[in-house]
Colleague: 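My questions will all concern the structure given below.
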There are 2 protein chains.
Amino acid sequence: MTTNQKTAAQPPETGLAHERVYRTLRHQVMFGELPPGEALTLRGIGTSFNVSMTPAREAVRRLVAEGALSMSASGRITTPEIGNDRLEELAAIRALLEPELACRALPRAHPALIDRLRSINSTVDQMVVKQDASGYIRSNLEFHRTLYLRAQAPAMLAMVETLWLQLGPTMRQLYSRMQRGGRLGHHRAILAALRAGDEQALKLAVREDVTQGLRMLSV
Amino acid sequence: MTTNQKTAAQPPETGLAHERVYRTLRHQVMFGELPPGEALTLRGIGTSFNVSMTPAREAVRRLVAEGALSMSASGRITTPEIGNDRLEELAAIRALLEPELACRALPRAHPALIDRLRSINSTVDQMVVKQDASGYIRSNLEFHRTLYLRAQAPAMLAMVETLWLQLGPTMRQLYSRMQRGGRLGHHRAILAALRAGDEQALKLAVREDVTQGLRMLSV
DNA sequence: TGGCTTGAATTGTGATCACAAATTTCGGGT
DNA sequence: ACCCGAAATTTGTGATCACAATTCAAGCCA
């Protein structure tokens, strides 16, 4: 069966309908709660959120434009299945943009920020031991976003988040094999470089952290 | 008056309606045919293309998601007005991605491609003497796209094209003051580096070409 | 003259419907 | 068993309508 049901918050939600649908679907995709290739329908989304097809269509159109969802030539909607070549590309873009964001954040990285990052990183570790893939992705991205917010580069951050979105459905299975291999202390290296104010070390640590997922794919 | 009329091709167009609207508007924005801050309305777009509001809404939603159009909190649609800080950011992203694309294209740059680039570049020069801003933008971007297509990196190219889209409305006035100042032979430097197979020189030339527009803004 | 209020027009949002294309399902033939 | 074809269902697309919010304009008062 391809119909999709999802318990949606129905009474107190504020804001426009299509934005609520958009935001919820966006989170589900970004945090890997939907497997790659999952089929969605406008009517299914509509009934899930207690709205008509119209706002569902707008939300989906928006997500397709951002690469969070795929659309076949006939208009069928699925979560994207990322091929290896595309995955390599997206990782390469991350490896270009995220060190730059980290660099721009470096002069503004107060001790309070570093402490907050340390706290988030402990949450990441908790998610690893809890085998919570979605929670791991969520807290890992929060670690990066918290750092990059200090860069005061909203356009660059938005672009990076678009990359995270596109990688979302693939990340889950990618990080499922992460247990055995990777999970080296890249985040700790990032924190150390921040404390030391070492720009080159920071760039390197971020690049390593970003490309780690790709490396275990080629094994 | 805020109503907008546009003579649109009406009879032979194939494909879905919203995609025809999307493609036309996208070109108009990317090539700087719409000034920054231009107001658009769904009904106006609809009547321009002889379609209802529905496909107009989808096209606009898609373009807003790509940053080609802006939407106020109340839903009003305008072409984006780029502030200096955002402009600096977008140029920085271009300066990161486009040299990488050029590098990836370098090993695949046959002499035939270089000839084609030379031909496009002569068109660029023609547009400069003709004072055709839109034609200049179009041919200039075609120069870059033709090169980057050889990189076989569709995701990266798509991301760069999104940047061009966002810069579209601003580019026109940016390049209007280009006559007096810039227009150094960056493209020629790119061609020379391609012929020589010099990766570092290519990276530098592309970066210079990309950031030239920004430099004349800070004057 | 300048600023504010009120009314009319404009505009985006969301629901509903008809329609065509595609997918799926099911049955018969080899 | 397997493959193929026709019917039935599902699905996206586009049009139309009602509605609320916003915007704009005229007009009034200070």
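Note that this is a predicted model, so its numbers are computed, not measured. Here is how names work: the chains are called A, B, and so on, in the same order as the sequence lines, proteins then strands, and each is numbered from 1.
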Colleague: Which parts of residues 54-66 of chain B get close to DNA chain D, meaning a heavy atom less than 4.0 angstrom away?
Modeller: Thr54(B), Pro55(B)
Colleague: Are any of the side-chain nitrogens in Arg138(A) or Glu142(A) under 4.0 Å away from the carboxylate oxygens of its partner?
Modeller: no
Colleague: Tell me which nucleotide among dT11(C), dT16(C), dG14(D) gets nearest to the side chain of Arg76(B).
Modeller: dT11(C)
Colleague: Tell me, please, which residues at least two apart from Ala102(B) pass side chain to side chain contact (heavy atoms under 4.5 Å, CB included).
Modeller: Leu147(B), Tyr148(B), Leu202(B), Val206(B)
Colleague: Sequence neighbours excluded, which residues qualify as side chain to side chain contact (heavy atoms under 4.5 Å, CB included) partners of Leu163(A)?
Modeller: Leu90(A), Ile93(A), Arg94(A), Leu97(A), Met159(B)
Colleague: Mind checking what makes salt bridge (charged side-chain N to carboxylate O under 4.0 Å, His left out) contact with Arg26(B), not counting sequence neighbours?
Modeller: Glu66(B), Glu161(B)
Colleague: Met71(A) has an atom CE; how far is it from atom P of dT11(D), in whole Å?
Modeller: 14 Å
Colleague: With sequence neighbours left out, write down each residue that passes side chain to side chain contact (heavy atoms under 4.5 Å, CB included) with Ala109(A), or none if nothing qualifies.
Modeller: Leu113(A), Leu194(A)
Colleague: Regarding dG12(D), can its base be found pairing with the side chain of Arg43(A) as donor and acceptor, where the two atoms are less than 3.5 Å apart?
Modeller: yes
Colleague: Closest-nucleotide mapping onto DNA chain C: is Ser74(A) or Met53(A) further toward the 5' terminus? I mean the 5' end.
Modeller: Met53(A)
Colleague: Nearest whole Å is fine: how far is dT13(D) C1' from Glu19(B) CD?
Modeller: 13 Å
Colleague: Can you pull the side chain to side chain donor-acceptor pair (under 3.5 Å) pairs that have at least one residue in residues 73-82 of chain A, sequence neighbours excluded?
Modeller: Ser72(A)-Ser74(A)
